[in-house]
Structure formats: structure tokens, C-alpha cells
Amino acid sequence: MARNKRIREEDEAAVDMTPMLDIVFIMLIFFIVTTSFVKEAGIEVNKPKAAQATKKKNANIFIAIRGNGEVWMDKRQVDVERVSANIERLLAEQPTEVVIIQADKEAKHGVVMKVMDQIKATGDYLKISIAGEK
């Protein structure tokens, strides 16, 4: 009889970890849902200097244009004609209203205009910003 009583006392003294694990999983889901991810272009460009340059906050799509005309999005080189399709894919993952073009100061004006046309073809609601150094 004493042995059964001791086993029952040990069962009652155990700490139940289930509520703590529930809270940890709820917090994990909360942080995953509220985190925003920025899709960098993936390369460094020499941006031109601008006296009135300001920082944009809610931008998470970056398009980099090198001096030789290469266009980079999401850490990979893309064709100018495929910019619109890539923006649509990125917008499906993370909606935004601002697309930032990081054009090298040696980049051709025509390539930048083609990229801007592709952005506008994706949606007129998108705002285009050109990155510059302050």
C-alpha cells in the first residue's frame, strides 16, 4: 500500500510542459507571420550622388542595373523582357507598392527606361524609386 501511495505522489508532482510548448509555438507562428523579408538585387552598384536622396521604408523589391546593361533581381541576372514576370512573382510572395531601381552611374539610360516600362506594365499602382548615394 505504501508503494502505491508513493507512485501516486510522484505522478501528481510532475510538471506539465504542454502549456509552455503551446505558448512557444504560438510565439513562433506570430514572429513568422509578422516578419517581412527584403528581396535584395544581389549585387553592388556604384550609385550616382544625389543631394536630395532619402531612405524609403516599405520597399522590398530591388532591381540592380550594372554599367554593362545587366539587370539583376533577387540575386540572379534576368533579361529585361522578364522583369515584369519576376516582379509579379515577388509581389505574390510579399506585396508592396514601391520598387527601387539601383542603377550604376555608368548604366545606359535606355536600359533604365526599359526596366521602368516593365515595372509599369506590371501595375500602375507601383511607385518607382531610383537609388542614389547621399
Side-chain angles (χ1 to χ4, degrees):
M1 183 77 175
R3 183 178 164 116
N4 287 340
K5 186 176 183 183
R6 191 177 317 146
I7 292 173
R8 286 187 192 141
E9 287 177 5
E10 288 177 5
D11 286 343
E12 291 176 10
V15 176
D16 188 16
M17 298 295 287
T18 306
M20 186 181 75
L21 290 174
D22 289 344
I23 291 172
V24 170
F25 285 127
I26 289 171
M27 288 175 52
L28 178 68
I29 290 169
F30 172 77
F31 288 122
I32 289 172
V33 170
T34 59
T35 303
S36 65
F37 299 99
V38 175
K39 298 286 186 181
E40 289 285 336
I43 61 168
E44 287 290 322
V45 293
N46 296 324
K47 294 175 257 184
K49 300 239 183 264
Q52 302 298 321
T54 59
K55 291 205 179 249
K56 289 281 186 188
K57 288 188 177 179
N58 294 329
N60 52 9
I61 297 178
F62 291 85
I63 302 172
I65 303 171
R66 284 191 166 169
N68 61 1
E70 292 178 353
V71 179
W72 287 74
M73 291 179 68
D74 200 17
K75 296 183 177 80
R76 59 190 175 90
Q77 186 178 353
V78 297
D79 193 34
V80 176
E81 287 77 27
R82 302 295 302 154
V83 169
S84 181
N86 282 291
I87 291 175
E88 287 176 358
R89 180 181 55 82
L90 293 173
L91 286 173
E93 294 173 7
Q94 184 85 26
T96 186
E97 292 181 353
V98 180
V99 177
I100 295 183
I101 299 175
Q102 299 172 321
D104 193 281
K105 58 184 166 184
E106 302 296 323
K108 303 265 188 234
H109 180 74
V111 176
V112 175
M113 290 304 296
K114 286 179 185 177
V115 170
M116 291 173 75
D117 286 341
Q118 288 290 314
I119 294 169
K120 282 300 180 183
T122 305
D124 285 336
Y125 66 93
L126 291 173
K127 297 174 187 156
I128 301 172
S129 293
I130 307 289
E133 289 286 328
K134 194 158 190 178

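Positions are given from 1, in the same order as the sequence printed here.
- Nearest heavy atom pair, residue Y125 against residue L91, reads OH-CD1, 3.4 Å.
- Here the side chains of V98 and I61 are not in contact, with every heavy-atom distance at 4.5 Å or above.
- Contact of the M73 side chain with the V83 side chain is registered, since non-hydrogen atoms from C-beta on lie closer than 4.5 Å.
- Atoms CZ and CD, on R82 and Q118 in that order, are 9.0 Å from each other to the nearest 0.5 Å.
- The 12-atom threshold is not exceeded at NZ of K127, counting heavy atoms of other residues, nucleotides or ligands nearer than 6.0 Å.
- The shortest distance between side-chain heavy atoms of R89 and D74 falls below 4.5 Å.
- Members clustered with I26: none, using a 4.5 Å side-chain heavy-atom cutoff among hydrophobic residues.
- A chain of hydrophobic side-chain contacts below 4.5 Å, direct or via other Ile, Leu, Val, Met, Phe, Trp or Tyr residues, connects I130 to M113.
- Across V112 and A103, no two heavy atoms sit closer than the pair CG2-CB, 4.0 Å.
- The shortest side-chain heavy-atom distance between D79 and V71 does not fall under the 4.5 Å cut-off.
- Side-chain contact between L126 and I87 is present, with heavy atoms from C-beta onward closer than 4.5 Å.
- Shortest non-hydrogen contact noted between G67 and D104 is N-CB, 3.6 Å.
- Contact of the K108 side chain with the I65 side chain is not registered, since no non-hydrogen atoms from C-beta on lie closer than 4.5 Å.
- For T122 against S84, the heavy-atom pair with the smallest separation is OG1-OG, 3.0 Å.
- For the pair E70 and Q77, the tightest heavy-atom approach, listed with the atom from each and the gap, is CG-NE2, 3.4 Å.
- M27 and M20 fall into different hydrophobic clusters, where Ile, Leu, Val, Met, Phe, Trp and Tyr are joined by side-chain heavy atoms under 4.5 Å apart, directly or via other members.
- Shown here for A131 and Q102, the closest heavy-atom pair between the two residues is CB-CG, 3.8 Å.
- Contact of the I119 side chain with the I63 side chain is registered, since non-hydrogen atoms from C-beta on lie closer than 4.5 Å.
- Using a 4.5 Å heavy-atom cutoff, the side chains of M116 and I101 are in contact.
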